[in-house]
2 protein chains.
Amino acid sequence: MLNGNAPVSGATLERVQTAASELGYRRNALASGLRRRASRLIGVVVPDVANPFYTEVVRGIEDQLRGAGYLLVLCNSDGKIEKQTEYLRLLADQQLDGVILAPATPDLDKLEDAVASGLTVVLIDRRVASTVYDTVTVKNRDDARILTAGLLAASRRIAHIGGPHRTSTAQDRFAGFLDAHTSAGVDPDPRLIFETDYSEQGGYEAMKSLLELEQPPAGVFVGNNVMTLGVLRALSETEMAAAPKIVSFDPLPWWASSVHPVTTGSQPSYRLGRTAADLLLLRLADPSREYADVNIGNEE
Amino acid sequence: MLNGNAPVSGATLERVQTAASELGYRRNALASGLRRRASRLIGVVVPDVANPFYTEVVRGIEDQLRGAGYLLVLCNSDGKIEKQTEYLRLLADQQLDGVILAPATPDLDKLEDAVASGLTVVLIDRRVASTVYDTVTVKNRDDARILTAGLLAASRRIAHIGGPHRTSTAQDRFAGFLDAHTSAGVDPDPRLIFETDYSEQGGYEAMKSLLELEQPPAGVFVGNNVMTLGVLRALSETEMAAAPKIVSFDPLPWWASSVHPVTTGSQPSYRLGRTAADLLLLRLADPSREYADVNIGNEE
DNA sequence: TCAACCTATGAAATCGTTTTCACTTCACGA
DNA sequence: TCGTGAAGTGAAAACGATTTCATAGGTTGA
């Protein structure tokens, strides 16, 4: 009755509402949700909020959700499929209205389960092999190509430290890396290509290996910010006449002022979050809507 | 019945449970919560998740809550009392079991409302003028004293760029700053003392003012990490023979490798989060428990 | 054998909303 | 004046779990 759907007259409605506010009445969201089959809660599952990239994404989601009266339930999957699955299950149990998910793997099965249990899902950052989800990603391939081209302008020996090849982001960024080489007519040296797990330690070890080569690369393309932290650590441990130039995805605010300056594209993470929240709200309003696949650039 | 509280025999219970899992039965948390008057949801209200300090705190809370089967509802107050109040109200409406709050102001009234509406509250980071809350803070005064003493060992002209004096953290850190001066027998120069709002812009402007002095300070104590970003920006815009030494609260992982190195105490933010979550779980288990006021040091 | 007691079991009430439904009242046109 | 329709009202059902309650069944000791 208090949600305005009852066919009561204007005067009565008003009397009820003033009485309600005078008595300090507060609607019990649990009871309301049980009846309406909706909880006004949106889940967000990311690998790690401590990563500034995802932090900004979460921040963008929250700002957008707040306007629509939703609250945000935060979950860290640590990039592990088991944690992700467990969380999705928990979120479905809590009757969440929707979930914004940065999938740990492009594995579809687990996602299908989630959707089967009634969760509305929007994917961010990483793509999966399916077109039945709203998806928001950034221009990985283009940006990687541009960053790599910058390095190739100075030297032909460019290394690549990338994330796990099963993730679409790592694939796309590597593709951009190769694109730039093709354009420049350079054959990438396979000894300079490293695949790690997007971790600080992975970046550190890869960079160590590179520095131990007889002829270290003149430039290094690093696939994300966390690995770059490891790369910088490796660099700071090594004395060198000329350190390789570093370019990286996912900027951290301070990289310009680092001893070893890092060049990055501008990752529009905050906007990624807002866009994902928008898409989710749109789908909740109209479930039969066509699926959107938004690719966020750096323009604007 | 499915929560084990019913007086059913072992055999029957087991049969029901296997049947339930075979049918893929999932408990509806809304219905369960309505009846039990508990939602298995814990709210976290912080000024800004995009601040690495709070990010780590949130991460710690989440890790701890997950083990206990709770989910985390994240809210950014932007340090504004209105947003904080609105969120607390929303969280109470959602029948959250408890809230971990970094209070925007030491203002008690708004908090009392929240508690009156049935929310169990644990305070973090900032203290309020009341002893009826579990509180977890860090050793602000001691750390500030130690950091300042380090600067005073090199020079007697040390500046202070602090947060708003109404926050307990800013008060404590300033007190530590003064402690160090007293110990060293130095009178702080009031022209070197700045109070801002814990913002990047505030830090930037304060540092600009300092650099325009005839005799800039030899060292600067900065009250938090965000202001330090502004301080570094100001430094990078200015050519100097000898830049002032910077010490700051709340480390960012890269400050050691910055062009202008920043010295910090180690802010045990992750542990702060875990401890707060622990306290909240303890209080939920035993509401008549004595209130705890934990001060986390850097030991271990 | 029977009373007394304990345990297992199914039915029913409850949590606080929202929604449906049957019903009354009133106005209007025939 | 009566019938039709619209509009407002209050009661009751539903959401899905938990808790209480009464009852049935079984066991034990006198």
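To find a chain, count down the sequence lines: A is the first, B the second, and so on, and within it residues start at 1.
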When the distance from CG of A:Asp93 to P of D:dA17 is rounded to whole Å, what number comes out? 10 Å

Are A:Leu284 and A:Tyr70 packed together at the side-chain level, in the sense that at least one heavy-atom pair is separated by less than 4.5 angstrom? yes

Distance-only, no hydrogens or angles: does the B:Asn76 side chain make a donor-acceptor pair with backbone N or O of B:Val49 under 3.5 Å? yes

State whether a side-chain donor-acceptor pair under 3.5 Å links A:Asn51 with A:Asn225. yes

Is there a donor in the side chain of B:Thr135 and an acceptor in the side chain of B:Tyr291, or the other way round, less than 3.5 Å apart? no

Kindly indicate whether a cation-pi arrangement holds for A:Arg283 with A:Tyr133, taking the cut-offs as under 6.0 Å to the six-membered ring centre and within 45° of the axis. no

Any protein N or O atoms within reach of nucleotides 12-16 of chain C? Criterion: under 3.5 Å, listing atom names and distances.
| residue | atom | partner | partner atom | Å |
| --- | --- | --- | --- | --- |
| C:dT14 | O2 | B:Arg35 | NH1 | 2.7 |
| C:dC15 | O3' | B:Arg37 | NH2 | 2.8 |
| C:dG16 | OP1 | B:Arg37 | NH2 | 2.5 |

Where A:Arg166 and A:Pro106 come nearest, the two heavy atoms and their spacing: O-CG, 2.7 Å

For A:Val294, all residues meeting side chain to side chain contact (heavy atoms under 4.5 Å, CB included), sequence neighbours excluded: A:Val136, A:Thr275, A:Leu279, A:Ala292, A:Ile296

Is the Lys NZ or Arg CZ of B:Arg59 less than 6.0 Å from the centre of B:Tyr54's six-membered ring, within 45° of the axis? no

Angle separating the five-pair end axes of the helix from C:dT1-D:dA30 to C:dA30-D:dT1, nearest 10°, is 60°

